[in-house]
Amino acid sequence: MAYEAQFYPGATSVAENRRKHMSGKVEKLREISDDDLTIILGHRVPGTDYPSTHPPLAEMGEPECSIRELVEPTDGAKAGDRIRYVQFVDSMYNAPSTPYFRTYNAAINFRGVDPGTLSGRQVVEARERDMEELAKFQLETEMTCPALACLRGASVHGHSLRLQEDGVMFDMLERVRLENGTIIVQKDQVGRPIDKKVDLGKPMSEEEAAKRTTIYRVDNVPYREDKEVLEWVHRIFEKRTMYGYKPAVQE
Amino acid sequence: METSASDTKKPIQIEIFPKRMMKPDTVEGLLNKLCSLEGIQRAFIQGPRLPTKVPFGPAVGTPVHHPLRTNVHFGKTEMGLEVLVGRITLELAGKEVMEEINAICVDTLPCDYDIREGRFIQTRQTVSDFAKRGPGADPVICGLYDPKSKVESQVNLLKTNEEE
């Protein structure tokens with residue numbers, strides 16, 4: 001029988017969602033066109049070619065190298081794309097994902113990406129078209145609620161604040177707003193106004209966000225209720241502290 | 001033995017802490033009702049600042065036009081709201097109005113809230129205050145402004161018939 005990765009312990013809905021995010025087996029909830037995504041990211045004008053930093057690899061004549069033969073370059077690397085970034089911010093109030101699980105999702109399921117995990121934001125650097133593939137995946141699936149998560153290249157501090165009255169995460173630059181029950185993006189990642197308003201669809205209800213979140217909270221699924229997770233965290237902490245990841249020393 | 005603020009004749013301070021950040025309309029409604037009560041000496045609103053321009057990043061200097069940064073009216077006084085209000089601190093002459101404040105919050109706030117009693121506004125000048133304002137600073141506005149800013153931009157005295 002082939003080995004199947006288990007990804008994360010636990011029996012609660014939060015643990016199950018964490019497994020989903022890590023494995024990439026997440027439900028697609030919305031459709032965002034390539035042009036809309038390009039507008040929100042703000043790195044290039046929609047419809048234009050990807051600017052490149054070097055000629056396509058096929059034209060460059062690569063040196064003989066066993067590793068280069070073994071590893072197929074990503075589409076972005078093949079074409080010589082620039083390195084560009086996407087940065088997500090997730091609210092602490094039951095946002096579906098968190099920086100850690102966005103990073104797990106990126107590192108496990110995508111090639112050629114460089115995720116950076118911070119307390120309030122998660123940035124991924126990659127060749128432009130590889131980055132867009134990841135950004136589209138994370139935006140279109142249940143990893144993102146348009147009201148509780150946002151693309152923010154600068155000024156991310158709303159993630160730790162209480163939500164606004166309308167249930168949208170605070171943003172001092174007001175990149176997104178709730179209009180007629182749907183979330184409309186009106187500025188790009190860094191706060192430049194965009195020509196076309198992008199509709200990200202309806203936000204999740206409070207109940208749905210609580211069901212899809214990967215965050216343990218005392219007012220939803222408390223961390224200490226997940227006995228299996230707690231047991232494994234204790235086990236890893238003890239092994240790391242006592243034996244420096246050398247369990248054999250214990251015996 | 002020290003005595004707590006609640007069992008002396010000294011003013012007491014309370015903090016209204018809603019579970020959601022309040023829209024300007026809600027703040028206006030809430031504070032207008034609170035203003036009508038007797039015995040509220042000072043009020044302090046706090047929340048994240050709403051900038052007029054993007055302060056950093058590649059789009060620095062771009063106008064923000066945040067719709068929540070607006071003017072609100074308290075009785076006859078107009079005030080520019082530069083923050084999204086997250087909490088309101090009140091200084092009361094006594095505990096008699098607590099029930100009325102609670103009733104106003106129930107009527108006005110669209111979400112749950114907490115009301116806590118404690119010490120939320122500073123009582124003495126800090127070194128920064130002293131360096132900026134000197135020894136003759138008005139003790140009534142102590143703790144209501146940032147030492148780096150102008151008092152007029154952060155402290156509003158409500159206009160009343162008696163011109164208090």
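For clarity, every value in this text was computed on a predicted model and none was experimentally measured.
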Open item on the list: Using the side-chain hydrogen bond (donor to acceptor under 3.5 Å, both in side chains) criterion, which residues pair with A/Arg152? Sequence neighbours excluded.
Closed with: none
- [ ] For each of B/Gly47, B/Cys111, B/Pro48, tally heavy-atom pairs with chain A at distances under 4.5 Å, and name the one with the top tally.
- [x] B/Pro48
Task: Interface residues of residues 164-177 of chain A facing chain B - heavy atom cut-off under 4.5 Å - done: A/Gln164, A/Glu165, A/Asp166, A/Gly167, A/Phe170, A/Asp171, A/Met172, A/Leu173, A/Glu174, A/Arg177
TODO: Provide the closest heavy-atom pair for B/Gly57 versus A/Ala154 in the form atom of the first, atom of the second, distance.
DONE: CA-CB, 4.4 Å
Open item on the list: The criterion is side-chain contact (heavy atoms from CB on, under 4.5 Å); which residues satisfy it with A/Thr182, sequence neighbours excluded?
Closed with: A/Ile184, A/Asp199, A/Lys202
Task: Residue B/Lys53 excluded, over 12 heavy atoms near NZ under 6.0 Å - done: no
Open item on the list: How about CG on A/Asn180, more than 12 heavy atoms from neighbouring residues, nucleotides or ligands closer than 6.0 Å, or not?
Closed with: no
Task: salt_bridge(B/Lys19, A/Glu206) N-O dist < 4.0 Å - done: no
Open item on the list: With a sphere of 6.0 Å drawn around CZ of B/Phe120, does it hold more than 12 non-hydrogen atoms of other residues, nucleotides or ligands?
Closed with: yes
- [ ] Write out, in numerical order, the residues from residues 65-72 of chain B with a heavy atom short of 4.5 Å from a heavy atom in chain A.
- [x] B/His66, B/Pro67, B/Leu68
- [ ] Grab the two heavy atoms, one from B/Pro18 and one from A/Arg162, that are nearest each other, plus how far apart they are.
- [x] O-NH1, 2.6 Å
Open item on the list: Quick check: do A/Gln189 and B/Pro58 have side-chain heavy atoms less than 4.5 Å from each other?
Closed with: no
Task: Shortest non-hydrogen contact between B/Thr62 and A/Gly191, atoms and distance - done: CG2-O, 4.2 Å
Task: From A/Leu163 atom CG to B/Met21 atom CE, the distance as rounded to the nearest 0.5 Å - done: 9.5 Å
